[in-house]
**Q** 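Pasting a structure below so you can have a look.
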Amino acid sequence: MIKSKCKIGSNLRVLLESINEVPYGTSFIEDNEKKLVGIVTDGDFRRLLLNGKGLEDILQPSDLGDFVSAIEGENFDQLLNKTNIKINIVPIVNDSGELVDFFEYKHKTKFTPVAEPTLENRELEYLLDAFSSTWISSRGKYIDRFEEEFSSFCKVDYGVATSNGTVAIHLALVALGIGPGDEVIVPDLTFAATINAVLYANATPVIVDVNKDSWTICPDEIEKAITPKTKAIIPVHVYGQACEMDKIMSIAKTHNLKVVEDCAEAHGAEFNGQRVGSFGDISTFSFFANKIITTGEGGMCVTNSEELDKKMRQLRDHGMSKERRYWHDVIGFNYRMTNLQAAIGCAQLEKIDWILDRNNQIERNYIKHLDDLKLFNWQKTYKQNRKVVWLMSCTTEKRKEVMDVLVAHNIDVRPFFYCLSEMPIYSKYSFSSKNALEISKIGINLPTVKNVDYKRIANLLREL
Ligand SMILES: Cc1ncc(COP(=O)(O)O)c(C=O)c1O
């Protein structure tokens, strides 16, 4: 027997009493034939008062908004799918439209982000140590240590820490002498930082398509796009997947091109047993807060060339001469990382293998719990590659529906990047883009954090 029923045509005082009588704060509104015609929650009631209604006014059909209901016999998952953060109560009606029961489900409102940094180990200890040392700008022991340890993690000789991953790419291009009149090949599916850095260098980007399956830059398209003006390629190891570095390095060698690997999303990934970051003339990383390891904001250029290391150090520091203080040989930048950021980076680096293992486990958990829904095509793994999981990445033809359901339940999801070629500010640089356009429309990143409720996500998506 449902207590909180109210007839259309009652006054608001009667309606309020009916809402007030029950802990779930909702009244079910019936017409004279006992058909359910709406529901009014305590929140709806407040809105009626704010719209100028008084307690003695009559409840009119026009006071009722749309409502979600279920038919007698619907199962738990069907009922659950009708609820979300805002809809806690679903009335259940029989074939004649009469209220027979209702379903109540209070969603956990805790937000599940797509990514979050894990800062609970030695990060604070090192940060405080750097802070107490008073070396809080860009000199201090943690800078040297982070550069040394991160470059050795990449199996590369030198590391030049920068203020973020975007300026790292710019610094690399300038150090390689890329400038006006030079063409630089970039993939269509990447974050805008890759192409922006080329434009900062006043060079001309040439956007080429990616492989359909791996989502990484297509070597055949690189070859097709080469002109006498081409000076460099920026392969991006997008979403943790290593590019085909054997083919790319061989194209670069044949055409005498520089290679700047953009490894912002792929710390620790490997191609043919070799770490990304160790193929190119210079390779760049990002340590933004959602990256595999973070320094808050931050980046690094790594290289095996002593000469490029020296050049980048000078350019990073306003182009100041190493030998003669306040003497500037070239126009440089302030692209330095602080000792405070580097302190966090050192602590992060101590557990990078643990983070990579954890993210792999997260990917396995998603596949285990969601594979049978037949909704997702998981990111491919290749025998010759060690893919890393930056963000759980997959494609689905039902991206909008998946995103709508998850976002309504406070679970954050991200669509893949828009293709560079489809944005008006970059479209004039487009050479080819077919696969990238398709992937970009169906790609999605799922939360890659601890405590993902995989079963709940599976239940939420089951009816799609
Ligand atoms: C592929 C790629 N390149 C470059 C960057 C730029 O890094 P940052 O945000 O540290 O400037 C990012 C990160 O956001 C990225 O995903």
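Owing to the predicted nature of the structure, the values given are computational and were not obtained by experimental measurement. These values consider heavy atoms only, across backbone and side chains, with no hydrogens, waters or symmetry-generated copies.
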**Q** Counting C-beta onward and ignoring hydrogens, is there a side-chain heavy-atom pair between S440 and F417 closer than 4.5 Å?
**A**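 Result no, sub-4.5 Å side-chain heavy-atom pair not found.
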
**Q** For residues F271 and Y382, establish whether the separation of their ring centroids is below 6.0 Å.
**A**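 Not close enough - the centres of the two rings lie 6.0 Å or further apart.
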
**Q** Tell me, do I234 and V198 make a side-chain contact under 4.5 Å, heavy atoms counted?
**A**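 They are in contact (side-chain heavy atoms under 4.5 Å apart), so the answer is yes.
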
**Q** Could you grab the distance from atom OG of S305 to atom NZ of K311, nearest 0.5 Å is fine?
**A**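 Interatomic distance, S305 OG to K311 NZ, rounded to 0.5 Å: 8.5 Å.
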
**Q** Anything under 30° is parallel, anything over 60° is perpendicular, the rest tilted; go ahead and classify Y105 against F103.
**A**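 Rings of Y105 and F103: parallel, under 30°.
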
**Q** List the steps and the verdict of side chain to side chain contact (heavy atoms under 4.5 Å, CB included) for N339 and S133.
**A** CA-CA 10 Å; N339 198 37; S133 75; 4.2 Å; yes

**Q** Looking at every heavy atom in both K351 and T118, which two are closest together, and how far apart are they?
**A**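 Looks like NZ-O, 2.7 Å.
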
**Q** Salt bridge (Lys or Arg N to Asp or Glu O under 4.0 Å): which pairs involve residues 375-391, sequence neighbours left out?
**A**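 Every salt bridge (Lys or Arg N to Asp or Glu O under 4.0 Å) pair that includes a residue of residues 375-391, provided the two are not neighbours, is E363-K387.
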
**Q** Rounded to the nearest 0.5 Å, how far apart are NZ of K231 and NZ of K258?
**A**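 Output value for this atom pair is 11.0 Å.
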
**Q** Output yes when a side-chain donor or acceptor of D188 lies under 3.5 Å from a complementary backbone atom of L420, and no otherwise.
**A**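 Flag set: sc D188 to bb L420 pair under 3.5 Å.
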
**Q** Have Q361 and R364 got a donor and an acceptor in their side chains that come within less than 3.5 Å?
**A**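 Their side chains do contain a donor-acceptor pair, which is all the 3.5 Å distance test asks for.
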
**Q** Measuring only between side-chain heavy atoms, which start at C-beta, is I71 closer than 4.5 Å to I92?
**A**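 In short, these two side chains do not touch, never coming nearer than 4.5 Å.
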
**Q** Name each donor-acceptor pair under 3.5 Å that joins a side chain in residues 368-376 to protein atoms two or more places apart or in another chain, with its distance.
**A**
{"from": "H369", "atom 1": "ND1", "to": "N365", "atom 2": "O", "distance (Å)": "3.0"}
{"from": "D371", "atom 1": "OD1", "to": "W378", "atom 2": "NE1", "distance (Å)": "2.8"}

**Q** What are the two closest heavy atoms between S214 and Q241, and how far apart are they?
**A**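 Residues S214 and Q241, closest heavy atoms: O-CG, 3.7 Å.
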
**Q** Do S4 and Y24 pair up side chain to side chain, a donor and an acceptor below 3.5 Å, judged on atom types alone?
**A**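 Their side chains do contain a donor-acceptor pair, which is all the 3.5 Å distance test asks for.
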
**Q** Do the side-chain N and O atoms of S393 and N445 include a donor-acceptor pair separated by under 3.5 angstrom?
**A**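 The criterion, which ignores hydrogens and geometry beyond distance, is satisfied for N445 and S393.
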
**Q** Knowing that exactly one of L406, I411, N451 qualifies, which makes a side-chain contact (heavy atoms from CB on, under 4.5 Å) with T112?
**A**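 Among L406, I411, N451, the one that satisfies the side-chain contact (heavy atoms from CB on, under 4.5 Å) with T112 is I411.
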
**Q** Does a salt bridge link K141 with D129, judged by any charged N lying under 4.0 Å from a carboxylate O?
**A**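 Looking at K141 and D129, the cut-off is met.
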
**Q** Quick check on the 6.0 Å ring-centre criterion: do F288 and F191 meet it?
**A**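 Ring centres of F191 and F288 not closer than 6.0 Å.
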
**Q** Is a side-chain N or O of D44 found less than 3.5 angstrom from the main chain of T41, in a donor-acceptor match?
**A**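 Flag set: sc D44 to bb T41 pair under 3.5 Å.
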
**Q** Does a donor on one side chain sit under 3.5 Å from an acceptor on the other, for T194 and D262?
**A**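 Yes, side-chain donor-acceptor contact under 3.5 Å.
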
**Q** For the residue pair M403 and R414, establish whether any side-chain heavy-atom pair is separated by less than 4.5 Å.
**A**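 No, every pair of side-chain atoms sits at 4.5 Å or beyond.
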
**Q** Should the ring pair Y454 and Y366 be called parallel, tilted or perpendicular, given that the plane angle runs from 0 to 90° and is split at 30 and 60?
**A**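 Plane angle over 60°, so perpendicular.
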
**Q** Does any part of the side chain of M312, heavy atoms only, come nearer than 4.5 Å to the side chain of Y335, both counted from C-beta?
**A**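 No - every pair of side-chain heavy atoms lies 4.5 Å or more apart.
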
**Q** Yes or no on salt bridge (Lys or Arg N to Asp or Glu O under 4.0 Å) for K229 and D182, after CA distance, side-chain angles and deciding distance?
**A** CA-CA 5 Å; K229 291 182 178 169; D182 297 337; over 6 Å; no

**Q** Does a sphere of radius 6.0 Å around CD in E148 hold more than 12 heavy atoms from other residues, nucleotides or ligands, not counting ones at 6.0 Å or beyond?
**A**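 No, CD of E148 has 12 or fewer neighbouring heavy atoms, counting only those of other groups under 6.0 Å.
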
**Q** Got a sec: does the CD of E307 have more than 12 other heavy atoms crowding it under 6.0 Å?
**A**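 Atom CD in E307 is not packed in, count stays at 12 or less.
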
**Q** To the closest 0.5 Å, what do you measure between CD1 (I292) and CG (L391)?
**A**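 Rounded to the nearest 0.5 Å, the CD1-CG separation comes to 8.5 Å.
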
**Q** Answer yes or no for R145 and Y126: cation-pi contact, defined as NZ/CZ to six-membered ring centre under 6.0 Å and angle to ring axis within 45°.
**A**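 Here R145 passes the 6.0 Å and 45° test against Y126.
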
**Q** Show me the pairs that pass side-chain hydrogen bond (donor to acceptor under 3.5 Å, both in side chains) and involve residues 154-163, at least two apart or across chains.
**A**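 Output for this query is empty, none listed.
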
**Q** Please collect all salt bridge (Lys or Arg N to Asp or Glu O under 4.0 Å) contacts where either partner lies in residues 272-293, sequence neighbours excluded, each pair once.
**A**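 Applying salt bridge (Lys or Arg N to Asp or Glu O under 4.0 Å) to every pair that reaches into residues 272-293, excluding sequence neighbours, yields E270-R275.
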
**Q** Do the side chains of K224 and D220 get close enough for a salt bridge, i.e. N-O under 4.0 angstrom?
**A**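 The answer is no: the pair does not qualify as a salt bridge.
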
**Q** Scan for salt bridge (Lys or Arg N to Asp or Glu O under 4.0 Å) pairs involving residues 425-446, sequence neighbours excluded, and state none if there are none.
**A**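 Non-adjacent pairs meeting salt bridge (Lys or Arg N to Asp or Glu O under 4.0 Å): K212-E438, K434-E438.
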
**Q** Would a distance-only check, ignoring hydrogens and angles, find a side-chain to backbone donor-acceptor pair under 3.5 Å from S283 to G277?
**A**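 Indeed, once roles are kept as given, a pair shorter than 3.5 Å links the two residues.
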
**Q** Which distance, rounded to the nearest 0.5 Å, do you find between the CG of N377 and the SG of C394?
**A**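 Nearest 0.5 Å value for the CG-SG distance: 8.5 Å.
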
**Q** What pair of heavy atoms forms the shortest contact from I222 to I185, and how long is it?
**A**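 So the two residues come closest at O-CD1, 3.7 Å.
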
**Q** Please determine, by modelled atom types, if E123 and Q348 share a side-chain donor-acceptor pair under 3.5 angstrom.
**A**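 Indeed, the side chains of E123 and Q348 share at least one donor-acceptor pair under 3.5 Å.
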
**Q** Would you say N256 has more than 12 foreign heavy atoms packed within less than 6.0 Å of its CG?
**A**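 No.
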
**Q** Quick one: CG on L189 to OG on S421, what's the gap to the nearest 0.5 Å?
**A**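 Separation between the atoms: 9.5 Å.
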
**Q** Are S152 and E149 linked by a side-chain donor-acceptor pair shorter than 3.5 Å?
**A**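 Note: S152 and E149 side chains miss the donor-acceptor criterion.
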
**Q** Would you say that N88 contacts T83 through its side chain, given a criterion of any heavy-atom pair below 4.5 Å between the two side chains?
**A**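 With C-beta onward as the side chain, the pair stays apart.
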
**Q** Do NZ/NE/NH1/NH2 and the carboxylate oxygens of E147 and R316 come within less than 4.0 Å?
**A**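 A salt bridge is present here (some side-chain N lies under 4.0 Å from a carboxylate O).
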
**Q** Would you kindly say whether E265 and H237 are connected by a side-chain donor-acceptor distance under 3.5 Å?
**A**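 No, no side-chain donor-acceptor pair sits under 3.5 Å.
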
**Q** Begin with the C-alpha distance, continue with both residues' side-chain angles, and end with the deciding distance and a verdict on side chain to side chain contact (heavy atoms under 4.5 Å, CB included) for N435 and N211.
**A** CA-CA 7 Å; N435 295 332; N211 293 316; 5.6 Å; no

**Q** For the rings on H267 and F153, is their centre-to-centre separation under 6.0 Å?
**A**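 Here the rings of F153 and H267 have centres that are no less than 6.0 Å from each other.
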
**Q** For the CG atom of L127 and the CD atom of Q341, what is their distance to the nearest 0.5 Å?
**A**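 Answer rounded to 0.5 Å: 10.5 Å.
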
**Q** Taking all atoms of both residues into account, what is the closest heavy-atom pair of D209 and E221, and its distance?
**A**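 D209 and E221 have their closest heavy atoms at CB-CG, 4.0 Å.
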
**Q** Quick test of your reading: applying salt bridge (Lys or Arg N to Asp or Glu O under 4.0 Å), list the pairs with at least one residue in residues 68-83, sequence neighbours left out, ordered by first then second residue.
**A**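 Residue pairs with at least one partner in residues 68-83: E74-K82.
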
**Q** Does the side chain to side chain contact (heavy atoms under 4.5 Å, CB included) test come out yes or no for V208 and I217, once each step is laid out?
**A** CA-CA 7 Å; V208 306; I217 192 164; 3.6 Å; yes

**Q** Assess whether side chain to side chain contact (heavy atoms under 4.5 Å, CB included) is satisfied between L199 and Y426, documenting all intermediate values.
**A** CA-CA 10 Å; L199 293 165; Y426 305 125; 4.0 Å; yes

**Q** Which atom pair, heavy atoms only, marks the closest approach of A172 to V260?
**A**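 The pair with the smallest heavy-atom distance is CB-CG1, 4.0 Å.
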
**Q** With no hydrogens and no angle check, just 3.5 Å: does a side-chain donor-acceptor pair link T303 and D309?
**A**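 T303 vs D309: no donor-acceptor pair found between side chains.
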
**Q** Check whether any side-chain heavy atom of L461 lies under 4.5 Å from a side-chain heavy atom of V405, and answer yes or no.
**A**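 Yes, close enough: below the 4.5 Å cut-off.
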
**Q** With a 4.5 Å heavy-atom cut-off, do E116 and K450 have their side chains touching?
**A**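 Yes. Closest side-chain heavy atoms under 4.5 Å.
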
**Q** Quick check: closest heavy atoms across F287 and T294, and the distance to 0.1 Å?
**A**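 Scanning both residues, the minimum pair turns out to be O-OG1, 2.8 Å.
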
**Q** Tell me if the centroids of the rings in F416 and W215 come within less than 6.0 Å of each other.
**A**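 Yes.
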
